[in-house]
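Atoms within each ligand, like the ligands themselves, are counted from 1 in listed order.
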Amino acid sequence: MRVPLLRTVPLSPKELAPPQHPLERLPEEWAEVLVAWGQPKYRGVQVFRWIHQRGIFDAEQMTDLPKALRQKLREEGLDGSLPVSAARGSMATDRTRKLLVRLHDGKDVETVLIPQLEKDPDVEDEDRDADRGVGLRPSDTVTQCISSQVGCAMGCMFCASGVAGLQRHLSTAEIVGQVLLGRATLEPQERLRNVVLMGMGEPLHNYDAVARTLVLLTHPDGIGLSTRRVTVSTSGLVPQIDRLGQDFGGQVALALSLHAVTDERRSSIMPINRKYPLAELVACLQRYPLPKRRRITLEYTLIAGVNDDPKDADKLADLMKRVPVKVNLIPMNPIAESDLNAPQWSGVERFAERLRSRGMTATVRKQRGNDVDAACGQLALYGPGGERSARTRRLPVTK
Ligand code: SAH
Ligand code: SF4
């Protein structure tokens with residue numbers, strides 16, 4: 001007997017925009033289609049599990065379905081192909097993998113699989129430096145970073161996607177397709193535990209497709225990620241943050257890209273701040289229906305001479321006095337289109353320590369996958385011939 005799972009899917013299919021592709025259907029929606037074909041209702045969840053739990057997209061291999069149904073499903077598009085394909089892959093020395101994902105119209109996005117770091121038992125505790133990633137090693141628990149748009153309309157000055165501008169939204173099938181592709185590349189001992197919408201694009205600008213993606217990724221009969229292990233990262237679209245909070249009861253993890261603590265400075269590097277200034281943003285975070293003991297992540301990309309003054313750390317602490325947050329500091333990864341750069345390492349440490357001295361939790365994001373240009377903000381656009389439109393340089397964070 002199946003033990004009912006306590007986890008609930010927050011939105012019913014009726015509240016979501018209708019599916020546009022077989023990969024986007026929820027079990028109930030499959031059941032509706034299959035019942036119309038004269039099949040029993042329970043076949044809906046069977047087909048859904050084949051696709052999302054087992055990663056089988058060829059109906060011919062769905063061995064517990066009648067032959068005629070398999071044939072019909074193949075005609076429907078379940079012929080083994082996905083709406084996205086891995087055009088190229090590269091593995092960094094730290095086992096971070098980047099997949100270049102080709103879309104049906106020849107455009108590309110990128111997705112990155114990042115083994116989480118764990119303590120290296122061969123290193124003594126006193127020799128470990130977590131901020132710098134010293135004494136840590138990649139584990140078998142993997143986080144996948146996925147893209148939600150080709151390019152991005154938000155125009156942040158330090159970001160390759162922003163500089164490129166928005167080319168188009170991704171469909172749910174294309175977003176979930178990245179996870180299905182990525183999961184298939186894992187080693188047998190590896191497990192996909194977290195998905196972060198921190199690749200190309202502003203996920204909340206593509207709300208409908210992202211909402212359905214979240215329901216699919218967390219469905220207990222599918223990939224089955226826990227909602228708190230799926231993180232939506234946003235530059236701060238206030239109405240959509242409110243909507244996300246309502247639609248998912250605050251269960252989906254939220255990361256806010258803050259990057260500056262005054263309106264003047266934030267607007268100068270993030271144009272979206274002119275529309276939703278800091279006071280509105282902070283009020284919005286305060287009303288996000290966060291479950292007890294959970295916190296909102298603040299991402300803070302440290303840019304030399306722009307936002308790395310220790311006094312900014314004090315302002316940050318003041319600004320977030322009433323919001324439960326933890327801060328993730330990201331030394332800026334250089335992009336070809338901008339002269340902005342990361343501070344010296346000592347500046348990163350100073351900022352982190354200042355936050356900590358104010359009682360805040362602050363971590364420094366480890367530079368992962370640099371040797372394959374897979375770090376934050378470096379996911380660049382490729383032309384149809386596969387050439388990079390934005391060349392990225394290696395990371396220069398120095399001691
Ligand atoms: N659009 C969303 C999610 C994608 S960007 C957002 O902005 O939150 C994911 C994170 O990478 C964001 O915090 C973003 O500000 C950061 N980022 C972008 N470009 C970067 C760069 N060049 N170096 C370091 N972090 C960068
Ligand atoms: Fe878009 Fe995020 Fe890049 Fe800003 S940082 S341009 S919101 S992807």
Side-chain angles (χ1 to χ4, degrees), residues 109-112 114 143-167 169-170 175 178 195-207 210 213 230-238 240-241 244 252-260 266-276 281 285 296-304 306-308 325-343 348 363-370 373-381 390-397:
V109 290
E110 289 175 319
T111 181
V112 188
I114 311 157
T143 296
Q144 185 173 3
C145 174
I146 58 175
S147 295
S148 56
Q149 296 176 318
V150 187
C152 181
M154 301 299 137
C156 302
M157 278 183 52
F158 46 83
C159 172
S161 308
V163 174
L166 178 67
Q167 294 199 8
H169 292 301
L170 295 189
I175 308 175
Q178 294 169 55
V195 167
V196 295
L197 283 108
M198 292 183 188
M200 286 168 75
E202 166 51 56
L204 295 184
H205 184 211
N206 188 11
Y207 190 89
V210 165
T213 299
V230 181
T231 303
V232 171
S233 173
T234 178
S235 54
L237 275 61
V238 166
Q240 286 86 341
I241 297 175
L244 184 77
V252 172
L254 183 68
L256 176 89
S257 294
L258 185 68
H259 307 325
R266 195 165 187 268
S267 297
S268 74
I269 53 172
M270 300 179 72
I272 188 69
N273 192 70
R274 290 186 210 124
K275 197 159 176 195
Y276 305 114
L281 200 52
L285 296 185
I296 293 170
T297 301
L298 294 180
E299 295 166 277
Y300 197 96
T301 293
L302 281 165
I303 310 172
V306 173
N307 63 5
D308 61 339
V325 293
K326 53 185 178 201
V327 183
N328 195 207
L329 299 170
I330 317 168
M332 184 188 157
N333 295 300
I335 58 166
E337 302 85 343
S338 157
D339 290 334
L340 299 175
N341 218 328
V348 175
T363 49
V364 179
R365 186 171 300 174
K366 260 58 82 193
Q367 302 299 333
R368 312 293 309 278
N370 286 309
D373 281 345
C376 264
Q378 289 193 319
L379 304 187
L381 300 172
R391 281 243 140 255
T392 51
R393 281 172 277 142
R394 294 280 292 279
L395 179 88
V397 170

(request) Would you kindly specify which portion of Cys156 sits under 4.0 Å from ligand 2, judged on non-hydrogen atoms: side chain, backbone, both or neither? (result)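 Looking at Cys156 and ligand 2, atoms from backbone and side chain both fall under 4.0 Å.
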Is the contact between [X] and ligand 1 made by the side chain, the backbone, both, or neither, using heavy atoms and a 4.0 Å cut-off?
X      : value
Leu197 : backbone
His259 : side chain
Glu299 : side chain
Asn333 : both

Has [X] got any heavy atom lying under 4.0 angstrom from an atom of ligand 1?
X      : value
Ala255 : no
Cys156 : no
Leu340 : no

Contacting atoms of ligand 2, where contact means under 4.0 angstrom from a heavy atom of [X]:
X      : value
Gly162 : 6 (S)
Ser235 : 7 (S)
Cys159 : 3 (Fe), 5 (S), 6 (S), 8 (S)

(message) Below 3.5 Å, N or O to N or O, backbone or side chain included: is there any such pair between Ser233 and ligand 1?
(response)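 N/O-N/O distance under 3.5 Å: yes.
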(request) Could you tell me whether Gly201 and ligand 1 have an N or O pair separated by under 3.5 Å? (result)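 Yes; at least one N/O pair falls below 3.5 Å.
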(request) Could you tell me whether ligand 2 has any atom less than 4.0 Å away from a heavy atom of Gly201? (result)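 For ligand 2, residue contact (heavy atoms, under 4.0 Å) with Gly201 is present.
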(request) Please identify which atoms of ligand 1 are closer than 4.0 Å to at least one heavy atom of Cys159. (result)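 It comes down to these atoms of ligand 1: 18 (C), 19 (N).
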